[in-house]
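Have a look at the structure below, then the notes.
A quick note: this is a predicted structure, and the numbers were derived from the prediction, not measured.
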Amino acid sequence: MKKYLKTIIILAAAVILVVGAIFALKLIKKPEDEPSDFVPSDAITVIKKTPAEIKKITVKNEKGTYTIAKTESGYLLNDDPTLPANNDYLLSAYNVLGNQSASKEVKSDLADLAGYGLAQPRTVTVETADGEIEYYVGDESPLGDGCYCYIKGENRILLLPSTPTFAVNFGKNDFISIDVVKNIYELPEKLTSLKIEGKDRESFEFIRKTDEVFGETGKFSRYSLVSPANADIDDEKVKEKLLGFFETFRPMVAAITNPAAPDFESTGLMNPASKITAVYDGKEYTFSLGGENLDGNRYLYISGTDVIYLAEPDSVKFFDVTSFDIISKTIYIRYLSSFDSISMTADGILKNFDISGEETSLVVKKDGAIVNTDNFAKMCQNALSVLAKGEEKKPENAKLLASLTFHSRAGTTDVLRYYEKDARHAYIELNGLSYYYGERASLDSFIEQLKSNYN
């Protein structure tokens, strides 16, 4: 028996799932360009201050402006103690920006700032008890041995060998990290369920499959949609369209601290436009998206906090994801070898098939007689290849076209039914729930195969 028999039933799903690009993991690592204690004897000091000598650091770049100040308990971003900034990142930036030495003088005047990327530079202002020190960071050198800079009040261009890249390129939002949000993407194995609901939008919920059921799907689909319909979830689509935004999400600013009921009402959070409820590592978290402020930014509230944040519209797109965005277009994905039997019905004809064996030794029988396993697998593939094309609830009086009942070796039963939508399309129903439809060409082939064979 050909080895591909084990996977024939998930062929259509595999094609769809594999071509999805894996969403890149963009972790903001702890910066690696912290200053060392060693400074060459011929180095030119740009700034050399200990954290105790610095009162505040301000950085201006194309992302805007951010400030870092040292406090008794750590470091403060933009003078706002409510912002969930990563203290390690702030500490690294504070140390790097306050301690820089140049390896050499590149030019003895400032006549050609544009040629060194210093006409519109990134600006670092370090405030100390003795006054301010300001320096400007430009382009990296062509040799890759540092970047150009000059110090306010000095008429020369220098080369910084230890480029403070992360610190001068970061914006305020790059320092912000809400651990539970980030971890939902980084450690998805701890996410057991996720539900999205809200005012004037479709609600849906998916759950994490057991390891046993996950294995039956060929490990293509870790999650199952349980509302508004039953369907297998496309893992790559979940990463790309939903979980990936958890990793990159950063609130802009704390809009209201210690909010009361009127605050939730005025920001649209009492009846949110969209709300995500995630059960992660045994705990439930809710993320509520409210209305817009005058600048078009959105109000956001995370359960367990005492702050209403503002977030840029692009950073909260995951609140608009629908179930159709993340389901596998092959609604039901399983190995043939995961079943004990399959019952098939079409046009009043019922046929039962028993399945035994594993992988290359798969055996299919009807009424005790062995049938051609390749042909049977192809027929099953046709039955499962009605790819979801759109959302539409099945009307109560829709005509039943075909039904397949799958009895798994784990003791579970799943029922897949198709109902007529029109001459070219069929409604798809899994375990009594229907919300999608697909083209019925492959279904019609399955029905003809079932009626003409195995008599």
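No more than 12 heavy atoms of other residues, nucleotides or ligands sit less than 6.0 Å from atom NZ of Lys393. No more than 12 heavy atoms of other residues, nucleotides or ligands sit less than 6.0 Å from atom CD of Glu62. In Glu154, the CD atom is crowded: over 12 heavy atoms of neighbouring residues, nucleotides or ligands sit closer than 6.0 Å. The environment of Lys107 atom NZ is dense: over 12 non-hydrogen atoms of other residues, nucleotides or ligands sit within 6.0 angstrom.
A donor-acceptor contact under 3.5 angstrom links the side chains of Tyr436 and Ser323, judged on distance only.
Between Tyr435 and Leu225 there is no side-chain heavy-atom pair separated by less than 4.5 Å. With a 4.5 Å cut-off on side-chain heavy atoms, Leu191 and Leu243 count as touching. Side-chain contact between Val307 and Ile256 is absent, with no heavy atoms from C-beta onward closer than 4.5 Å.
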Fill in: Stepwise side chain to side chain donor-acceptor pair (under 3.5 Å) test for Glu392 and Tyr427
CA-CA 8 Å; Glu392 185 176 321; Tyr427 296 107; 2.7 Å; yes
Discussion item. Assess the residue pair Glu132 and Lys152 against the criterion (salt bridge (charged side-chain N to carboxylate O under 4.0 Å, His left out)); give the C-alpha distance rounded to whole Å, side-chain angles, the decisive distance to 0.1 Å, and a yes or no.
Written reply: CA-CA 10 Å; Glu132 289 186 351; Lys152 184 177 182 179; 5.8 Å; no
Discussion item. As a quick check of understanding, evaluate side chain to side chain donor-acceptor pair (under 3.5 Å) for Asp325 and Thr322, giving each step before the final call.
Written reply: CA-CA 5 Å; Asp325 290 331; Thr322 69; 3.2 Å; yes
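For Ala119 against Ala114, the heavy-atom pair with the smallest separation is CB-CA, 3.8 Å. The two residues Tyr136 and Leu118 come nearest to each other via the heavy atoms O-CD2, 3.7 Å. Considering all non-hydrogen atoms of both residues, Ser274 and Phe319 come closest at OG-O, 2.9 Å. The shortest non-hydrogen separation linking Leu97 to Tyr135 is O-OH, 2.7 Å. Taking each heavy atom of Arg222 and Asp211 in turn, the nearest pair found is NH1-OD1, 3.4 Å. The two residues Val106 and Tyr116 have their closest heavy-atom pair at CG1-CE2, 3.7 Å.
Taking 4.0 Å as the cut-off between side-chain N and carboxylate O, Asp235 and Lys237 do not count as a salt-bridged pair. Comment: Lys56 engages Asp79 in a salt bridge, judged by a side-chain N to carboxylate O separation of less than 4.0 angstrom. The pair Lys329-Asp234 does not count as a salt bridge, with every side-chain nitrogen at least 4.0 angstrom from each carboxylate oxygen. Between Asp232 and Lys209, at least one side-chain nitrogen of the basic residue sits less than 4.0 Å from a carboxylate oxygen of the acidic one, meeting the salt-bridge criterion. Salt bridge absent: Arg424 and Asp444 never bring a charged side-chain N and a carboxylate O closer than 4.0 Å.
A cation-pi contact, defined as under 6.0 Å to the ring centre and within 45° of the axis, links Lys421 to Tyr437.
Checking side-chain atoms of Asn78 against main-chain N and O of Asp80 turns up no donor-acceptor pair under 3.5 Å. A donor-acceptor pair under 3.5 Å is absent between the side-chain atoms of Ser193 and the main chain of Ile207, judged by distance alone. Judged by distance alone, the side chain of Thr128 and the main-chain N or O of Glu53 form no donor-acceptor pair under 3.5 Å. Under a 3.5 Å cut-off, the side chain of Thr71 and the backbone N or O of Gly74 do form a donor-acceptor pair. Between the side chain of Tyr418 and the main chain of Ala383, a donor-acceptor pair closer than 3.5 Å is present. With Arg122 contributing its side chain and Gly138 its backbone, the two residues share a donor-acceptor pair below 3.5 Å. Side-chain N or O atoms of Thr286 include none that pairs as donor or acceptor with a backbone N or O of Thr277 at under 3.5 Å. Checking side-chain atoms of Ser315 against main-chain N and O of Ala311 turns up no donor-acceptor pair under 3.5 Å. Distance alone, capped at 3.5 Å, places no donor-acceptor pair between the Thr412 side chain and the Ser408 backbone.
Within the model, atoms CD1 of Ile196 and CZ of Phe287 stand 11.0 Å from one another, a figure rounded to the nearest 0.5 Å. Atom OG of Ser92 is separated from atom CG of Asn87 by 9.5 Å, given to the nearest 0.5 angstrom. The distance from the NZ atom of Lys394 to the NZ atom of Lys399 is 14.5 Å, given to the nearest 0.5 Å.
The ring pair (Phe, Tyr, Trp, His ring centres under 6.0 Å) test with Tyr94 is passed by exactly one of Phe175, Tyr66, Tyr75: Tyr75.
A perpendicular orientation is assigned to the rings of Tyr301 and Phe264, their planes being inclined by more than 60° (bins at 30° and 60°).
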